[in-house]
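For ligands, and for the atoms within them, numbers begin at 1 and follow the listed sequence.
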Amino acid sequence: MDYQGFSTKAIHAGQEPDELTGAVNVPVYLTSTYQQQEIGKNKGWEYARLDNPTRSALEESLAKLEGGTSGHVFGSGMAAIAALCTMMKAGDHVVCSENIYGGTARLFDKIFVHYGLTFTYVDAGDPAKVEAAITPATRLVHIESPTNPMMSIVDIAAVAEVAHRHGVELSIDNTFLSPYLQRPIELGADIVMHSTTKFLNGHSDGLGGVLIGTKPEHKERFEFVQKCTGGILAPFDCYLVLRGIKTLALRMRQHDTNGRVVAEFLSKHPKVKQVFYPGLPSHAGHAIAVRQQKGFGSMMSFELGSKEAANAFVRSLKLCYLAESLGGVETLVSHSASMTHAAMTQEQRDALGITDGLIRLSVGCEDVEDILADLEQALAGIE
Ligand SMILES: *Cc1c(COP(=O)(O)O)cnc(C)c1O
């Protein structure tokens, strides 16, 4: 059955009661193989690298939530991006937004360049720059919006229009907002990718990644990649993401509400030099974010002016954890320059504004008063 409302879809799409028992949760099918009836005859399941019912349920759920036609889950977000790259062959070119997830740039520049792919990084905030970078060899434009950690906004519909005019597909990493807050396929994207590790799973207890396609050739290609390279998500981890998705709408509403309050608080705090959050009217991408997102979410970064100030702040935190990752129910704080973007050179970080005083925040679902109190006492400790 096709449901209309997002919350209903999140709870039911792909997650119908088990046919055998009526169990309302999708069973975790811990099996590597399936008994076959006779030569060439089976119940549609042959071997767990190809398919598993728990995984199929998750893939259907994710495809429906993003408005795509097929979903394909992998062992991590990076495994999903690696699978995306196997759409291409030596000689193909990718245009990529410049302040992309650090691991994605590392995968492109340190691994896939050795297989004959080439990558050009541009400020995708200006669709004309994306267009100028497209060559006859370009096969894919890959972007994020908002970007990590500067929270710059890319006009997804404008970039999709440019890419399609040149016969190029657009893929977007939608990890920072989840399909509750942004659905890129509705804006023209061809492929959506997520690290399900973050908001989709939502509880900081498992890794995963997904590619969502919109065309029969995506389904054919990504299923083939799952079968050939084997980097699939295991059944129990699929179950964790399915369970996380059931409360996605509830969690995202809380993340969004808390995010707005925290951004407002930080923007008025004397120890904070600048806040990067698309929900603030002062943010350069605010108008586009209002148009293409259903909310602003809970990801933001802010400038404390120096590494000493940043370190004094994170050392004093009690409720919020200094940790890699994001999108969990707990508030997580990270220092981009030494954590997610440590692999970049100082010049690369400077060019993107990732200073030693920059703190990234993934605001959780705690009571916002408690989050504010912790931030306030930690900020007070800065000299
Ligand atoms: C975490 C993350 C990834 C990588 O996902 P893993 O699950 O850690 O492999 C990719 N893109 C973005 C935006 C992320 O936040």
Side-chain angles (χ1 to χ4, degrees), residues 58 62 66 71-85 94 96-112 119 121 124 140 142-154 156 171-182 184 189 191-212 225-226 229 231-234 237-238 240-241 244-245 252 255 259 276 278 293 297-301 323-328 330-336 339-344 352 354 360-364:
L58 175 60
L62 288 166
E66 283 287 2
H72 311 273
V73 292
F74 296 88
S76 68
M78 291 323 305
I81 297 181
L84 176 69
C85 288
V94 179
C96 188
S97 53
E98 63 185 2
N99 40 9
I100 199 129
Y101 180 72
T104 303
R106 182 176 54 200
L107 176 68
F108 290 170
D109 297 343
K110 303 259 196 271
I111 301 224
F112 280 107
F119 301 89
Y121 295 92
L140 189 71
H142 182 73
I143 61 169
E144 287 174 23
S145 182
T147 63
N148 178 33
M150 302 312 292
M151 305 305 295
S152 313
I153 299 292
V154 174
I156 299 170
S171 64
I172 169 160
D173 181 339
N174 200 27
T175 301
F176 266 35
L177 288 176
S178 90
Y180 181 75
L181 293 174
Q182 177 167 275
I191 297 165
V192 170
M193 174 266 154
H194 280 275
S195 165
T196 63
T197 312
K198 316 296 167 53
F199 288 102
L200 285 165
N201 185 57
H203 295 73
S204 307
D205 53 8
L207 294 190
V210 64
L211 294 176
I212 293 140
V225 174
Q226 287 179 309
T229 67
I232 47 138
L233 193 63
D237 295 280
C238 291
L240 286 179
V241 184
I245 285 173
M252 292 317 294
H255 280 299
F276 303 93
Q293 302 176 189
S298 66
M299 297 303 301
M300 67 193 70
S301 57
E324 302 263 5
S325 202
L326 59 108
E330 57 289 290
T331 298
L332 298 179
V333 174
S334 67
H335 181 247
S336 303
M339 293 165 82
T340 52
H341 290 70
M344 281 188 173
L352 296 174
I354 304 170
R360 189 190 75 186
L361 204 52
S362 168
V363 179

message: Looking at every non-hydrogen atom in both residues, tell me the closest pair between Ser145 and Leu177 and how far apart they are.
response: O-CD1, 4.1 Å
Quick one, [X] and [Y] - any side-chain contact, counting heavy atoms below 4.5 Å?
X: Phe176; Y: Met151; answer: yes
X: Asp109; Y: Tyr121; answer: yes
X: Leu140; Y: Leu84; answer: yes

message: Checking side-chain polar atoms at under 3.5 Å, does His341 have a donor or acceptor matched by the opposite partner on Ser336?
response: no
- prompt: Looking only at atom types and distance, does a side-chain atom of Ser195 sit under 3.5 Å from a main-chain N or O of Gly209, one as donor and one as acceptor?
  reply: no
What does the contact table look like for ligand 1 (nitrogen or oxygen on each side, cut-off under 3.5 Å)?
unit_1: ligand 1; atom_1: 5 (O); unit_2: Ser195; atom_2: OG; d: 3.0
unit_1: ligand 1; atom_1: 7 (O); unit_2: Gly77; atom_2: N; d: 2.9
unit_1: ligand 1; atom_1: 7 (O); unit_2: Ser195; atom_2: OG; d: 2.8
unit_1: ligand 1; atom_1: 7 (O); unit_2: Thr197; atom_2: OG1; d: 2.7
unit_1: ligand 1; atom_1: 9 (O); unit_2: Gly77; atom_2: N; d: 3.0
unit_1: ligand 1; atom_1: 9 (O); unit_2: Met78; atom_2: N; d: 2.9
unit_1: ligand 1; atom_1: 11 (N); unit_2: Asp173; atom_2: OD2; d: 2.6
unit_1: ligand 1; atom_1: 15 (O); unit_2: Lys198; atom_2: NZ; d: 2.8

